[in-house]
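See below for the structure under consideration.
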There are 2 protein chains.
Amino acid sequence: MAPTLAVSTVIFALRTDERSSAAIGARPQLWLPLVVRLRDPFDGRWALPGGPLREDEGLADAASRTLLETTGLRPNYLEQLYAFGDADRPGAEHGRVVSVVYWAMIGAEEAHLATTGQNVRWLAADRLPNLAFDHNRIVEYALWRLRTKVEYSRIAHAFLGETFTLRELREVHEVVLGKAVDPANFRRQVEASGAVVPTGQVRTGGRHRPAQLYRYDTAIEPVDLGPLAPEPQMSPTSTEETP
Amino acid sequence: MAPTLAVSTVIFALRTDERSSAAIGARPQLWLPLVVRLRDPFDGRWALPGGPLREDEGLADAASRTLLETTGLRPNYLEQLYAFGDADRPGAEHGRVVSVVYWAMIGAEEAHLATTGQNVRWLAADRLPNLAFDHNRIVEYALWRLRTKVEYSRIAHAFLGETFTLRELREVHEVVLGKAVDPANFRRQVEASGAVVPTGQVRTGGRHRPAQLYRYDTAIEPVDLGPLAPEPQMSPTSTEETP
DNA sequence: GCAAAAGTGTTCAGTCTACACCCATGT
DNA sequence: ACATGGGTGTAGACTGAACACTTTTGC
């Protein structure tokens with residue numbers, strides 16, 4: 001019997017814990033939405049949003065769709081993570097499944113508006129319970145990818161809104177990497193990258209000097225995707241023998 | 001109708017062109033084995049080795065198997081590349097296929113022994129004809145991944161044998177990256193990485209001072225795979241709510 | 001005025017790069 | 001002897017971490 005094909009998505013957003021949100025200076029954390037399984041295997045356990053691939057639907061489309069269905073949102077960033085399909089995956093007794101998993105980043109403003117359906121719940125990424133299938137391992141891998149990618153690319157802004165202060169962007173790095181970042185050096189690095197442009201506006205309100213607001217420079221690709229980049233640049237490198 | 005699942009592999013080896021092998025100082029190049037398609041779609045065109053996923057067989061196992069079937073070899077390095085599954089992939093008219101593609105590196109000694117079956121042919125990676133499906137794009141992406149990975153990890157030795165001189169290792173870098181590398185600086189970087197240990201043996205025969213032979217230090221992982229590393233470190237980060 | 005964060009300047013150490021130079025071998 | 005690549009040394013450019021310091025707001 002041929003294995004079933006499914007698409008799942010690890011959806012990350014930066015949120016402040018509701019319970020401690022009243023506390024001043026509450027650091028945001030990484031959260032992700034999970035859905036309850038309503039049947040075996042792993043009936044009643046939390047699992048990543050996902051489902052079978054529909055006809056005439058691309059893999060990334062399926063990821064976007066399940067994301068929209070579970071959260072009502074569209075992601076600022078979406079990337080394929082990995083295809084998991086070992087024959088001994090947990091739950092394979094009930095029918096083998098090959099999962100193509102995506103991971104996504106949601107902006108701050110949208111994250112507030114997330115519809116939390118009956119079977120959906122947001123949980124902190126570093127305090128997850130035992131999930132269905134091998135989903136704990138998948139989330140671990142997605143977290144690892146997020147962390148390494150934040151360091152060498154420019155995706156951090158995908159957790160923020162249209163405009164943001166460098167302080168906010170730095171906080172994203174600090175929360176994701178789990179360590180403090182020098183404000184002075186961070187500012188210079190970001191400015192030197194040219195990925196960000198000042199809007200002229202400032203954000204006031206703190207008990208301190210107002211901060212310049214920046215916007216992401218859309219002319220700059222956040223990640224180097226190589227030949228997978230948008231423009232499909234179909235490349236018959238040369239024209240030679242065809243047997 | 002559910003999409004079919006297939007596993008294909010981009011297999012790289014460093015070879016000297018047979019026609020110019022007589023010439024002295026012939027630079028090796030990247031080659032890859034392709035198979036002729038014997039039916040529609042793309043009947044008669046070259047394609048990546050691959051096929052459907054068998055029952056009770058992991059994705060990586062399937063990649064290894066097709067690699068063995070087409071070349072008679074086992075790879076020194078094997079990694080998942082990407083899952084291609086857009087609804088508008090070339091050839092989808094004859095039935096939609098989601099391809100999980102792997103890429104592999106073959107050692108120098110093995111590459112000589114490669115069995116070249118009736119329908120198999122090795123072609124130079126930078127002079128490929130029009131391949132079946134979107135396989136040109138896939139090879140481009142695999143090449144890009146190989147190049148970026150050679151720069152920041154220690155996989156280059158996978159194109160060589162058990163022991164090798166630093167000259168040979170440097171040549172791998174030069175061929176893959178397509179540019180000259182300073183011998184002095186390369187030596188220092190490799191030695192500093194500690195990934196390589198001198199065997200005490202030397203390689204004589206050139207009209208020059210004999211070169212020290214090195215062996216790869218197997219205690220060091222060639223690539224940082226993060227949570228996908230061998231030891232499955234099943235990680236229920238904590239034990240919390242299960243609805 | 002004072003606390004707090006925004007933003008600037010400077011130093012120091014480590015790394016990368018280019019290139020000069022000596023060493024050991026085959027012919 | 002001498003050509004050739006193996007191997008070492010080193011000066012300058014560049015980069016990143018650390019941290020002192022000035023600026024501008026809210027209270």
Exercise. Is the number of heavy atoms from other residues, nucleotides or ligands under 6.0 Å of Glu191(B) CD greater than 12?
Worked result: yes

Problem set entry | Atom CZ of Arg74(A) with >12 non-hydrogen neighbours under 6.0 angstrom | no

Problem set entry | ring-ring contact (aromatic ring centres under 6.0 Å, His included), paired with Tyr77(A), selected from Phe159(A), Trp103(A), Phe12(A) | Trp103(A)

For this session: For Leu78(A) and Ala104(A), work out which heavy atoms get closest and say how close.
Result: CD1-CB, 3.8 Å

Would you check if the side chain of [X] reaches a backbone N or O of [Y] as a donor-acceptor pair within less than 3.5 Å?
X: Thr199(A); Y: Leu213(A); answer: yes
X: Thr148(A); Y: Arg145(A); answer: yes
X: Trp144(A); Y: Pro227(B); answer: no

Problem set entry | Those residues of residues 149-161 of chain A lying under 4.0 Å from DNA chain D by at least one heavy atom | none

Exercise. Considering only dT25(D), dC27(D), dT25(C), which nucleotide approaches the side chain of His208(A) most closely?
Worked result: dT25(D)

Problem set entry | Nucleotide nearest Ala211(A) (side chain, heavy atoms from C-beta), chosen from dA6(C), dT27(C), dT8(C) | dA6(C)

Problem set entry | Val202(B) or Gly206(A), whichever maps to the more 5' nucleotide of DNA chain D | Val202(B)

Do any side-chain nitrogens or oxygens of [X] fall under 4.0 Å of OP1 or OP2 in [N]?
X: Arg187(A); N: dG7(C); value: yes
X: Gln189(A); N: dA17(D); value: yes
X: Arg209(B); N: dG5(D); value: no

Taking atom [atom2] of [N] as reference, at what distance in whole Å does atom [atom1] of [X] sit?
X: Arg203(A); N: dA6(C); atom1: CZ; atom2: P; answer: 11 Å
X: Gln212(B); N: dT25(C); atom1: CD; atom2: C1'; answer: 15 Å
X: Phe186(B); N: dG6(D); atom1: CZ; atom2: C1'; answer: 14 Å
X: Glu171(A); N: dA6(C); atom1: CD; atom2: P; answer: 10 Å
X: Glu191(B); N: dT8(D); atom1: CD; atom2: C1'; answer: 10 Å
X: Asp182(A); N: dT15(D); atom1: CG; atom2: P; answer: 18 Å
X: Arg167(A); N: dG7(C); atom1: CZ; atom2: C1'; answer: 14 Å

For this session: Determine the contact category for Arg188(A): base if any of its heavy atoms lies under 4.0 Å from a base atom, sugar-phosphate if only primed atoms, P, OP1 or OP2 are that close, otherwise nothing.
Result: base

Problem set entry | Along DNA chain C (nearest heavy atom to each residue), the more 5'-positioned of Arg207(A) and Asn185(B) | Arg207(A)

